[in-house]
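A quick write-up on the structure given underneath.
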Amino acid sequence: MPKVSMNVNGKAVSGEVEGRTLLVEFLRETLGLTGTHVGCDTSQCGACTVHIGGKSIKSCSTFALDCEGAEVTTIEGMANADGSLSTMQQAFQDHHGLQCGFCTPGMVMAATALLKENPKPSEAEVRHYLQGNICRCTGYHNIVKAILAASGQDVSAIAAE
Amino acid sequence: MYAFEFERPKTVEDAVAALKSDEAQALGGGQTLIPTLKSRLAAPAKLVSLQGIDTMKFVKAEGGVLSVGGGTPHAVVAAEAAKSYPGLAALAGNIGDPSVRNKGTVGGSLANNDPSACYPSAALASGATIVTDHREIAADDFFDGLFTTALEEGEIITEVRFPIPEAANYQKFEQPASRFALVGVFVAKFSDGVRVAVTGASGDGVFRWTEAEEALSKSFTPEALKELTVDDSDMIEDLHGSAAYRAHLVKVMTGRAVAAAG
Ligand SMILES: Cc1cc2nc3c(=O)[nH]c(=O)nc-3n(C[C@H](O)[C@H](O)[C@H](O)COP(=O)(O)OP(=O)(O)OC[C@H]3O[C@@H](n4cnc5c(N)ncnc54)[C@H](O)[C@@H]3O)c2cc1C
Ligand code: FES
Ligand code: FES
């Protein structure tokens, strides 16, 4: 079988994969990084969102072999070096941005990519950016609030609907 | 997915050579092809990824033409064409969602010629030239009906050249579940006339609405469309909208695109 090498969360990793092995399968099954979820497997839900070179992509719609030499970041690479939660993760906790948590890894990855591109997004921009991330629990309101809070904006005026 | 071999060449020449073997298929961003493989609607023996070919990823504006490498993701076009060809950049920036835009490519979108895809309308309305590994094809000769193009087996889109219009706008009426165009209209005004291309509506894929082009070339205002009607006999009819509804939307979206282009 062909071998693939990449950098995941700052560590060089490699493994044997098939041509058809998806990045998400490599992450979850070969590397045991099960924080990245598979919701739909049809590129609709965004639960599998990871970063390649800092940009969000759906790891269920990317082949592992196409990530040769890539810099991949998953939810396991989000926490600070001392193990404390990143600003975005902490904001999700503080603002109750999750219920069952299934969509959360993808939401945090998408939201982190958003703030990198647009450090102070409006509420409309946040909602537009999350088009590819589906949540069945929260109704999105607290997710949007958490992201706005993580960007340093005042969210006290946003009603907790 | 059925099993296949995977190659990741670094040059167009190596990709063309790899695609010569039996049952080989090109892989762009995979945003269409991977779901197709998963549902076993395609079963190539070999996938040749174009993602490792750096010379196919670029955006440059020169002499009134915007050239985009065939492997350039939508998000890069959205960012880098924003000044030179804002109408096209806005179209690219509204395809799917951010993750789809970071992977899906202009070459893949045009080669696929999905009847509801956005890019074909921009290529046709701009009068673009599709450059492949061995020839140049005018957009008017490229789209050949549903999921069919003038591309030969193993031919790779390396570049797309969009002449930059004086004014342009794309209006997309989104199908809310898929976010593809239920009807999308791209209007491009050049010094020698207006071109109007419609996607999402016709069962034959993207087409030019020539009556609207004539009317708008005389007067570039939404009112110029008033007397026109759109024939609904070739329109797509499905659970998202009837043929008559789509025909109606073609006129509405064209008017909005003209108003927005100014
Ligand atoms: C959730 C979602 C929403 C989407 N929404 C939209 C939308 O609103 N509007 C829209 O237009 N599209 C939409 N798309 C489709 C997206 O734009 C795809 O990226 C595009 O259609 C295909 O590009 P790709 O690079 O991913 O090609 P692939 O999926 O890799 O390939 C598609 C086809 O093109 C061929 N091919 C790929 N690259 C080349 C090349 N350079 N030369 C020759 N042949 C090539 C392949 O062999 C294959 O047959 C959406 C996709 C998803 C998953
Ligand atoms: S699992 Fe990848 S988008 Fe749903
Ligand atoms: S918290 Fe349950 S799907 Fe989002």
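Naming: A, B, ... by sequence-line order, numbering from 1 per chain.
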Q) Can you tell me if NZ on A/Lys120 sees more than 12 non-hydrogen neighbours from other groups inside 6.0 Å? A) yes
Whatever's closer than 4.5 Å to a heavy atom in chain B on A/Leu22 counts as side chain
Under 3.5 Å donor-acceptor, B/Lys38 side chain and A/Asp41 backbone: yes
Per-residue tally against chain B (heavy atom, under 4.5 Å) across A/Asp66, A/Thr49, A/Thr21, A/Thr42 peaks at A/Asp66
d(A/Ile57 CD1, B/Ser99 OG) to nearest 0.5 Å is 7.0 Å
Applying a strict 4.5 Å limit to non-hydrogen atoms, the region of A/Ser61 in contact with chain B is both
* Asked: Are the side chains of A/Gln131 and B/Glu174 in touch, meaning some heavy atoms are under 4.5 Å apart?
  -> yes
Between B/Met1 and A/Phe63, the two heavy atoms sitting closest are SD-CE2, 3.8 Å
Cut-off 4.5 Å, heavy atoms of chain A, and the answer for B/Leu37 is side chain
So CZ of B/Phe6 and CD of A/Glu18: to nearest 0.5 Å the spacing works out to 13.0 Å
A/Leu65/B/Arg8 under side chain to side chain contact (heavy atoms under 4.5 Å, CB included): CA gap, chis, key distance, verdict: CA-CA 8 Å; A/Leu65 284 171; B/Arg8 198 166 190 266; 6.0 Å; no
> Considering residues, nucleotides and ligands other than B/Glu152, do more than 12 of their heavy atoms fall under 6.0 Å from its CD?
Replying inline: yes
Q) For A/Lys55, does its backbone N or O pair with a side-chain atom of B/Asn102 as donor and acceptor, under 3.5 Å? A) no
If one checks every heavy atom of B/Pro35 against chain A at 4.5 Å, the contacting part turns out to be side chain
Heaviest contributor of heavy-atom pairs below 4.5 Å to chain A, chosen from B/Arg179, B/Gln31, B/Gln51, is B/Arg179
Of A/Gly19, A/Ser56, A/Gly132, A/Gly69, the largest count of non-hydrogen pairs under 4.5 angstrom with chain B goes to A/Ser56
Interface check, chain A: of B/Gly29, B/Ala3, B/Gly30, most non-hydrogen pairs under 4.5 Å belong to B/Ala3
Okay, A/Thr62 and chain B: the region with an atom under 4.5 Å from a heavy atom over there is both
Interatomic distance, OH@A/Tyr129 vs CG@B/Asp97, rounded to 0.5 Å, equals 9.0 Å
Contact check, side chains of A/His128 and B/Asn94, non-hydrogen atoms, under 4.5 Å | yes
